[in-house]
**Student:** 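Below you will find the structure I want to go over with you.
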Number of protein chains: 2
Amino acid sequence: MPDNDSMTPARSFPLSDAPQPGLRERKKIKTRTAIRDATYALVREQGYDATTVEQIAERAEVSPSTVFRYFPTKEDIVLTDEYDPLLLAELRKRPAEEPWMDSLRYVMHKAIDVGLTEDAEAIRLRAHLMVQVPAVRSRMLESMSVTGRMLSEAIADRTGQDRESLEVRVYTMSLIGGLAEISLYWAENDFRDDFRDLLDRTLTVIEHGLPTKPDASGTE
Amino acid sequence: MPDNDSMTPARSFPLSDAPQPGLRERKKIKTRTAIRDATYALVREQGYDATTVEQIAERAEVSPSTVFRYFPTKEDIVLTDEYDPLLLAELRKRPAEEPWMDSLRYVMHKAIDVGLTEDAEAIRLRAHLMVQVPAVRSRMLESMSVTGRMLSEAIADRTGQDRESLEVRVYTMSLIGGLAEISLYWAENDFRDDFRDLLDRTLTVIEHGLPTKPDASGTE
DNA sequence: CATGAAATGAGAGTAACTCTCAAAAGGTAG
DNA sequence: CTACCTTTTGAGAGTTACTCTCATTTCATG
């Protein structure tokens, strides 16, 4: 642990219930963030492919075995986060009368605000790697589709559909696909756009489809 | 059934322009299909993970090096096909007045009809692997998103949007995500459904969004 | 402090790739 | 058919992500 925990500042809300369950658990969290921080640093220095797990282990001061004990794949070290369950919880908290899309918009905005203020650098790096490293992009899509499965349960409940219906599954995955594309677009355009704007435009497209003619009254 | 070309029957239309450019090219095609057929056979016998590239090479009677020369990754052996450019071409052939969704529906139907009569077994195996092997699923999404990039150009042209606009990209990827989900749904339900029905229902969802209430008048 | 459980490290092993270079086969001109 | 050039192939060594096992260390608890 050469430097401080700059990458993971104090959270404004708890991610799990138990605050300080014991020395063992605290150490595990420390190891986890140490591995992640080491990875981020090395990737920034050398790039993703040039960074080996051995190097990561060395800098994080753990053994390579331990790295794989904490993260199933190298890609997971970069892109795992803990926002998903949080997002789901927030979503279920929204009033049932609220139009579904409004709920989604609200929750996504909130998630972005939190993420962008807390882990701005990490989020950009992640989006950047998504563009550049196919393996990371793949894993991201995979991970998002897992999120999607949970999301589809929430959507099914809200819209009164069967959870396993094709319609819900397709709708959710199309949502996920669209959301994934935001990050790529954002990173490819050097993070110039406001992520919130991109999100709003994306949700509008998914809600209403493509405008048939180029829209001159848009935000851009 | 080990040897003949049962896996790749005579095509009802040409995939590339040059028919018989020479012995060299013909041999390459033969090697390519030999590797693919060997892979399919081995995967059916032992499963995907248990099948090594060495075994594939042995059965295809080539060296492991050659396998990697023809396919960049093991997953690509399973899921590479040549339908994409075909599909794009068909799409551009549709009359410009035709509503966009109708064009897409028509072309996808055609692709499914062709694929399902020519490579029915292979397509099922592929869908099955998509469900079971994460690496294959990831690679499929990746490959579909490449297709998506081409698709988005066609969509952009047809709808009069900029090719690089966020809207087109998001729309395309949401389409891709939805389409990918069909295969998963189909395979998870043991191929009981008619793929064409699933496709129609999927396109309807993408076009009109989720029905707010479970629809009793549907096809099911 | 002692005892049990969990986490770690060390090391061997697998398999998907990558790179290099020499041999073989296809294509072409005399 | 022979000679020559180009493309393709095979052999082999090397890298790295990832797995498994087992002994050792570290925390928790009575």
Side-chain angles (χ1 to χ4, degrees), chain A residues 1 18-36 38-39 42-43 46-80 129 133-140 142-143, chain B residues 18-36 38-39 42-43 45-80 129 133-140 142-143:
Chain A
M1 65 199 90
Q20 297 280 77
L23 177 57
R24 207 160 231 169
E25 294 304 311
R26 260 178 291 150
K27 215 168 187 178
K28 270 162 79 171
I29 293 175
K30 253 171 97 175
T31 308
R32 199 177 175 80
T33 65
I35 293 172
R36 232 201 305 259
T39 306
L42 284 167
V43 166
Q46 322 171 332
Y48 181 83
D49 288 327
T51 301
T52 73
V53 174
E54 233 173 317
Q55 292 174 327
I56 294 170
E58 194 180 351
R59 184 166 305 199
E61 293 180 303
V62 293
S63 76
S65 330
T66 302
V67 174
F68 286 113
R69 241 178 234 118
Y70 278 82
F71 299 94
T73 72
K74 186 177 151 191
E75 294 93 53
D76 282 287
I77 309 177
V78 176
L79 51 75
T80 305
L129 289 178
V133 186
V136 172
R137 185 169 50 246
S138 291
R139 202 79 181 78
M140 185 55 137
E142 177 74 13
S143 128
Chain B
Q20 297 280 76
L23 177 59
R24 208 160 227 166
E25 293 305 310
R26 261 177 291 150
K27 212 165 187 179
K28 269 163 82 171
I29 294 176
K30 255 172 95 176
T31 308
R32 202 178 172 79
T33 64
I35 294 172
R36 233 200 304 256
T39 307
L42 284 167
V43 166
E45 290 170 18
Q46 323 172 331
Y48 181 84
D49 287 327
T51 301
T52 74
V53 174
E54 233 173 318
Q55 293 174 325
I56 293 170
E58 194 181 349
R59 183 166 304 201
E61 293 181 301
V62 294
S63 76
S65 330
T66 301
V67 174
F68 286 114
R69 240 177 235 120
Y70 278 81
F71 299 94
T73 72
K74 185 178 153 190
E75 296 94 52
D76 282 287
I77 309 177
V78 176
L79 53 74
T80 304
L129 289 178
V133 185
V136 172
R137 184 168 51 244
S138 290
R139 202 79 180 79
M140 185 55 136
E142 178 74 11
S143 130

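By convention in this document, chain letters (A, B, ...) are assigned in the order of the sequence lines, proteins followed by strands, and residues within each chain are numbered from 1. Source: prediction; values computed, not measured.
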**Student:** Which comes earlier along DNA chain C counting from the 5' end, the contact point of B:Glu25 or that of B:Lys74, where each point is its nearest nucleotide?
**Tutor:** B:Lys74

**Student:** With a 3.5 Å cut-off and heavy atoms only, can you find an N or O donor on one side and an acceptor on the other between the side chain of A:Arg24 and the base of D:dT26?
**Tutor:** yes

**Student:** Can a side chain N or O of A:Lys28 be found less than 4.0 Å away from OP1 or OP2 on C:dA7?
**Tutor:** yes

**Student:** Have a look at B:Thr66 and say if it touches a base, only the backbone sugar-phosphate, or nothing, with a 4.0 Å heavy-atom cut-off.
**Tutor:** sugar-phosphate

**Student:** Tell me if a side-chain donor or acceptor on B:Tyr70 pairs with a main-chain N or O of B:Thr33 at a distance below 3.5 Å.
**Tutor:** no

**Student:** Using modelled atom types only, decide if a donor and an acceptor are shared between the side chain of B:Arg139 and the backbone of B:Lys74 within a distance under 3.5 Å.
**Tutor:** no

**Student:** If I take atom NZ in residue B:Lys27 and atom C1' in nucleotide C:dA24, what distance separates them, rounded to the nearest angstrom?
**Tutor:** 10 Å

**Student:** With a 4.0 Å heavy-atom cut-off, tell me which residues in residues 47-56 of chain A come close to DNA chain D, sorted by residue number.
**Tutor:** A:Thr51, A:Thr52, A:Val53

**Student:** How many whole angstroms separate atom CD1 of A:Ile77 from atom P of D:dT16?
**Tutor:** 15 Å

**Student:** How close or far is atom C1' of D:dT16 from atom CD of A:Glu75, stated in whole angstroms?
**Tutor:** 12 Å

**Student:** For B:Ile35 and D:dT8, give me the distance from atom CD1 to atom P, rounded to whole Å.
**Tutor:** 14 Å

**Student:** Please give, in whole Å, the distance from C:dA7 P to A:Arg32 CZ?
**Tutor:** 13 Å

**Student:** Rounded off to whole Å, could you give me the CZ-to-P distance for the B:Phe68 and C:dA15 pair?
**Tutor:** 12 Å

**Student:** What is the minimum heavy-atom distance between A:Val67 and A:Val53, and which atoms define it?
**Tutor:** CG1-CG1, 3.8 Å

**Student:** Rounded to whole angstroms, how far apart are CZ on B:Arg69 and P on C:dA24?
**Tutor:** 15 Å

**Student:** Quick one: are A:Arg36 and A:Thr80 in side-chain contact, heavy atoms under 4.5 Å?
**Tutor:** yes

**Student:** What heavy-atom pair brings B:Ala57 and B:Pro64 nearest, and what distance separates the two atoms?
**Tutor:** CB-N, 3.6 Å

**Student:** Within this structure, what is the CG-to-P distance between B:Leu42 and C:dA15, rounded to whole angstrom?
**Tutor:** 14 Å

**Student:** Looking at every strand, decide which applies to B:Phe71 at a 4.0 Å heavy-atom threshold: base, sugar-phosphate, or nothing.
**Tutor:** nothing

**Student:** Ignoring hydrogens and geometry beyond distance, is the side chain of A:Ser65 in donor-acceptor contact with the base of C:dA10 at under 3.5 Å?
**Tutor:** yes

**Student:** Should we count CD of A:Gln46 as having more than 12 external heavy atoms under 6.0 Å?
**Tutor:** yes

**Student:** Quick one: closest heavy-atom pair of B:Gln55 and B:Ala50, and the distance?
**Tutor:** OE1-O, 3.3 Å

**Student:** With no angle test and no hydrogens, is the base of C:dG26 tied to the side chain of B:Arg26 by a donor-acceptor pair under 3.5 Å?
**Tutor:** no

**Student:** Under 4.0 Å between any heavy atoms, over every strand shown, what does A:Pro64 touch: base, sugar-phosphate, or nothing? Just pick one.
**Tutor:** nothing

**Student:** Between D:dT9 and B:Tyr70, is there an OP1 or OP2 to side-chain N/O distance shorter than 4.0 Å?
**Tutor:** yes

